[in-house]
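Working notes, beginning with the structure itself.
A, B, ... follow the sequence lines: proteins, then strands. Residue 1 opens every chain. No experiment lies behind these values; they were computed from the predicted model shown.
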Amino acid sequence: MTGALSMAIVRAQRDPAAVHIENVKNNLYVITGGRGTGVQANTISGNTTVFVTDNGVVLVDTKLPGFGQAILDQVRSVTTKPVTMVINTHTHNDHTGGNPELPRTIEYIAHENTRTNMARMDLFKGNNAALLPKRTFKDKMSLLAGKDRIDLYYFGAGHTNGDAIIVFPALRVAALGDLFARKWAPLVDAGNGGSATAFPDTLANAVAGIKDVDTVITGHSTTPIGRSGTFTPFNPAAKWSDLQEYAGFTREFVSAARVALAAGKTVDEAVSGLKLPDKYRSYDMTNAKADVQRVYEESRRAQSNPNALPNPYRLVEGWPTLPVSMNEGKWGELIRVDLDPKGNIWVFHRCFNTVPAGAATCIGRDREPPILQFDPSGKLLASFGQGIFAFPHGFTVDHDENVWATDANGNETVLGMSTEGRGQQVFKFSPTGEVLMTVGTRGVAGNGPDSFDQPTGVAVAANGDVFVTDGHGKNDRVVKFSKDGRFVKAWGKHGAGPGEFDQPHDIALDSKGRLFIADRSNSRVQIFDHWRQARYLHWERDHGHGDSVHSRS
Amino acid sequence: MVTAFIPDPDAATQEESTISGASGIAADDNGTIYAADVAPHMLRKYIKVN
């Protein structure tokens, strides 16, 4: 107890800016401190991790320029082995500055983007260009073997676009560089590809993707006191749970900034109104305004370039299992999918047909059931609807698990075959496939109270009211029916103005009763307020075709 | 505001096919997304990983 207390006193009394080596675990050390000079007088170097292997010393990061010899001196205090390898976690000179001052025989390793970034630095111009990393990696790379093995990971942009995480598996230790510099609103270097909005995903992927680590070496061992040039020490050997907490902090920070942006707040208003859980109260928020500004800029840029947005989803391969007895297990065109209140998945498809492309027909395929139900594991539970549809289109499952489907066929023939009068109708099925009700006149186009012109979508409110987008023909309207199928009202006409439509293609209701209508050829989603009023609220353009909408209601 | 984006699995051929890839979409309360693809002839399930 006394010893631990003494160590704590020594740590508290030591100048956190002074260069100092301390043991982390067994043959792994960290060199802390290293204050810069001139314009960097208020900068303390990043941590240097020291890994003593059988055949030499591996360093992770080399502090600011001027600290190469100090690093070698500290290494010499714990081993006589030479430094043979340096891994740079990222490009900044408080992590790479000592490289040119180390023996020229050393091998340098970094992420491929970090090498590109380093090549732009004055520090690595001229003769020093020979010191740029010759070994790089993209996603993962392993060095050495056995107890000396080192794994390098890259999980995406954050502090820069080349932040490597260095893992020492035998010791269960990871060096995070400035992906986790300290507990603070992170510094994001956009000039070197850093991203505020990607930061949480990158850390979350690291937490999920790295196994069996209990100790984390942070990028820095000091926390600046504002911009005063003074620092408090920060334990460079953090716990894995600290990294998990930090990942959560960045997630909540970015989420709060996005909410503020969506609410129309300025950056200053967003920062002053930032409310994060109390567990983050000790975090240094010096960079908060810059980070919010970065979130705003990246989010606005992403709206015009969806490909730049994060994709936090993983495709489940081999889902679902379509029985071989159904078209030899091969799908044709699928048009809609929905969930029932139990969480099972319902699919409306075009009888495993693929022609005409984009409008495949069920005509001639009356043995195939176009409505299928799967459980979440992908097991087929039910199938029905054979011999009813020509052109499956709109689809929903209501609160009572009844299944609604539209037939948007408006042709008398397709592929040279008669459509047998099918189409222009909306069907209501029980969960077991019994036809409970039809709306619309079979095979007849019209714009009256009981006719459609190629109905494309259907939505059912909690009280049973039914809404149909009408549709692929000339009507360009939305029609409302009571739960027993009686016409209530219709609204909309052809056009591009508010409340007008050009092929309303699908419809959804949310829990507030708002209607979301995919206005296909206007490339927008129109939103109407409470379904009783059908009052136009809002539209969002640039949604591609505007084919489909879905809302959890 | 759009906050995430799953690329259209049929994007590479959409210019030629002139029809859309993903045409139907649904999501459960866990954030799992289901997509019905017209052109690629696939039913897909996406799990949110972070």
Exercise for the section: Indicate yes or no for a side-chain donor-acceptor contact from A:Thr202 to the backbone of A:Gly158 under 3.5 Å, with no hydrogens or angles considered. Expected result: no
Practice task
Please answer whether the main-chain N or O of A:Gly471 pairs with a side-chain N or O of A:Gln454 as donor and acceptor at a distance below 3.5 Å.
Solution key: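 No: the side chain of A:Gln454 does not pair with the backbone of A:Gly471.
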Pick one of side chain, backbone, both or neither for [X], based on which atoms fall under 4.5 Å of a heavy atom in chain B.
X: A:Leu322; result: neither
X: A:Arg350; result: side chain
X: A:Leu315; result: both

Problem - Polar side chain donor-acceptor pair, A:His349 to A:Glu333, under 3.5 angstrom - result: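 Side chains of A:His349 and A:Glu333: no pair found under 3.5 Å.
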Practice task
Starting at CZ of A:Arg258, measure out to CD of A:Glu298 and round the result to the nearest 0.5 Å.
Solution key: 8.5 Å
